[in-house]
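These notes concern the structure reproduced below.
Residue numbers start from 1 in every chain, and the chains themselves are labelled A, B, ... in the order their sequence lines are given, proteins ahead of strands.
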There are 2 protein chains.
Amino acid sequence: MSLNKLVDMQEALSHATTLEELQGFVEGLRDVYDIENLVYHSVNASGGQYAALTYSPNWVDRYIERGYERVDPVVQGCYKRFTPIDWKALDWSGKPARDFMGEAVDAGLGNQGFSIPIRGPSGQFALFSANQKDKDDSWAKYTDERVGDLILIAHYMNEKALEIEGGPAHGPVRALSPREKDTLTLLALGHNRAGVAEALNISENTLRVYIESARFKLGASNTVHAVAMAVTHGLIVV
Amino acid sequence: MSLNKLVDMQEALSHATTLEELQGFVEGLRDVYDIENLVYHSVNASGGQYAALTYSPNWVDRYIERGYERVDPVVQGCYKRFTPIDWKALDWSGKPARDFMGEAVDAGLGNQGFSIPIRGPSGQFALFSANQKDKDDSWAKYTDERVGDLILIAHYMNEKALEIEGGPAHGPVRALSPREKDTLTLLALGHNRAGVAEALNISENTLRVYIESARFKLGASNTVHAVAMAVTHGLIVV
DNA sequence: CGACACCTCACCATTTATGGGGAAGGGAAA
DNA sequence: TTTCCCTTCCCCATAAATGGTGAGGTGTCG
């Protein structure tokens, strides 16, 4: 059923090289999936935000201006989750939350919604949401049918957004040798040199060679730097 | 097509309260989806690992004993990704990687595979993989048809695993004060104590208080450990 | 075969980090 | 108001990390 759509989607995404094109992609997707609103919203590890969405610019401006992300149950609820969720299942019990939804509907949003939280390396977080004015039963049918597609799209889109935005940001780092990874991993876990040397069954002298070669490869100025870089670049898993 | 299966799956998962039951769930899933092997493997932020899988115990033991996670292109490749990927698209160019695959096939694994990386809050990372002995074209057809289901299952399973295991499991990490964050951030960027103290315009003595209080809060055994923990827990952004 | 990367070990002098102690002012919460 | 926490500063002795250099063996790839 959805395979053709998905193939088209990937095809369209593969050519995107700017964030503006992602905006166009989201708008196209809205037609393909016959839905009123789609939103991709990314918050990277440094707090930088980016969104590609089909809400009215007025609503977006108002949202940003008044800092509604601090009230919005979708954002607040999804930040702690990592599986898709229907907006009905979120906590709307607070008065600010209900007022917010009232305003949102006035601004043209639908009453139904469905969001997919996405997480990338290094604390990156994004939300992909579908929104529509609909009755409960037909909305449930709609989401049941498309949730699989939407999850895939959300992830591909997030990958593309990160590729565009964050790609060449952090410079190239040479891969570490197995021993170098072992060394940095154990250091990151809190062992000192003597402990690491013992754990790896090598002399502390040898260990130092690994630390220094890792430092050299990463362009790090000391051990702390090297370990931090290895962690943030995903070279070691702690 | 897959809706009934998914409903059954969620139903089965909702009753799970122990990690052992997840193991049983994975085994059941293997039959439902007519695949040779399924693997759920989670690494939480504290380095704790948990797996529910259908590989032979011998292979699992061998994998752990020899630290194959450092060689396995599936683990290494997926850690940097966050969209599903076929194992063929991974980097198998190194000799250790090829040797590893040879051993894996000898141990009964199929030659084809497909993995879904999953990320949760606070650096939690998991992999959900499907594995089978198959030809390229029929495997491509299989994955195309089921990738949507598998992604959903992977996410629900990860949610359940974290719910069971996660809650109060990984020790509480107290929030860092602004000065402590500044300190660890600059240390992570490669400055030594003197440099950080100068950058923050405080004495090196004062700086030490921050390092030690941060270490204490994080339960870290030294500066390297504290910085690594702060990075992996997303307390600082490097 | 030769280049190259990797793993292993050693020594020395010096710089740097750590552990543990004490102290004082400011602010916020209870 | 009292109690925390945050911020800032100081001292000392000891443990640990660093910088630089040298050198032997293994394995892989062209």
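- Residue B/N205 has its side chain nearest to D/dC11 when only C/dT8, D/dA16, D/dC11 are considered.
- Between B/I85 and B/F114 there is no side-chain heavy-atom pair separated by less than 4.5 Å.
- Nucleic acid contact class of A/R193 (heavy atoms, under 4.0 Å, all strands): base.
- Taking the salt bridge (charged side-chain N to carboxylate O under 4.0 Å, His left out) definition, one finds that A/R179 meets it with A/D182, sequence neighbours left out.
- Applying the 4.0 Å criterion to OP1 and OP2 of D/dT8, one finds that B/R179 has a side-chain N or O inside that range.
- In terms of phosphate contacts, B/K217 brings a side-chain nitrogen or oxygen within less than 4.0 Å of OP1 or OP2 of D/dC6.
- Between B/K133 and B/E36 no salt bridge is recorded (no basic side-chain N to carboxylate O distance below 4.0 Å).
- Judged by distance alone, with hydrogens and angles left aside, B/R215 brings no side-chain donor or acceptor close enough to the base of C/dG19 to form a pair under 3.5 Å.
- Within residues 194-204 of chain A, the residues that have a heavy atom under 4.0 Å from DNA chain C are, in order of number, A/I202, A/S203.
- Note on A/S213: nothing from the nucleic acid sits closer than 4.0 angstrom, heavy atoms only.
- B/F216 places its CZ atom 16 Å from the C1' atom of C/dT18, with the value rounded to the nearest Å.
- A sub-4.0 Å separation between OP1 or OP2 of D/dT8 and a side-chain N or O of B/Y210 is present.
- An OP1 or OP2 oxygen of C/dA5 is reached within less than 4.0 angstrom by no side-chain nitrogen or oxygen of A/S177.
- Counting only heavy atoms from C-beta on, B/N192 has its side chain closest to C/dT16 among C/dT16, C/dC7, D/dT8.
- Ring geometry for A/Y63 versus A/F100: interplanar angle over 60°, hence perpendicular rather than tilted (30 to 60°).
- The A/I211 side chain lies nearest to D/dT18 when the options are D/dC11, C/dA17, D/dT18.
- Put simply, CZ on A/R208 is 12 Å from C1' on C/dC9, counting in whole angstrom units.
- Going from atom CD of B/E212 over to atom P of C/dA17 covers 13 Å, rounded to whole Å.
- Between the P atom of C/dT16 and the NE2 atom of B/H191 lies a distance of 15 Å, rounded to the nearest Å.
- With a 4.5 Å cut-off on side-chain heavy atoms, A/I211 and A/L207 count as touching.
- Scanning both residues, B/D91 and B/A97, for their nearest heavy atoms gives O-CB, 4.5 Å.
- From one end of the helix from C/dC1-D/dG30 to C/dA30-D/dT1 to the other, with five pairs defining each end axis, the axis direction shifts by 70° (rounded to 10°).
- Between the NE2 atom of A/H225 and the C1' atom of D/dA17 there is a distance of 17 Å, rounded to whole Å.
- Salt bridge status for A/R208 with A/E212: present, with a side-chain N to carboxylate O gap under 4.0 Å.
- Atoms CG (B/L207) and C1' (D/dC10) sit 15 Å apart, rounded to a whole Å.
- Take the nearest nucleotide of DNA chain D for A/L187 and for A/V209: the residue whose nucleotide is more 5' is A/L187.
- Taking the ring axis of B/Y142 as reference, the NZ or CZ atom of B/R146 stays within 45° of it and closer than 6.0 Å to the ring centre.
- Residue B/E180 is the one, among B/N222 and B/E180, whose nearest nucleotide of DNA chain D lies closer to the 5' end (criterion: closest heavy atom).
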Practice task
Begin from the C-alpha positions of B/D99 and B/K95 and carry the test salt bridge (charged side-chain N to carboxylate O under 4.0 Å, His left out) through to its verdict.
Solution key: CA-CA 6 Å; B/D99 289 350; B/K95 189 178 183 311; 2.8 Å; yes
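- Rounded to whole angstrom, the span from the CG atom of A/L176 across to the C1' atom of C/dC7 amounts to 15 Å.
- At the heavy-atom level, A/T206 lies under 4.0 Å from base atoms of the strands shown.
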Problem - From CA spacing to verdict: side-chain hydrogen bond (donor to acceptor under 3.5 Å, both in side chains), B/N111, B/Q132 - result: CA-CA 6 Å; B/N111 56 325; B/Q132 184 147 239; over 6 Å; no
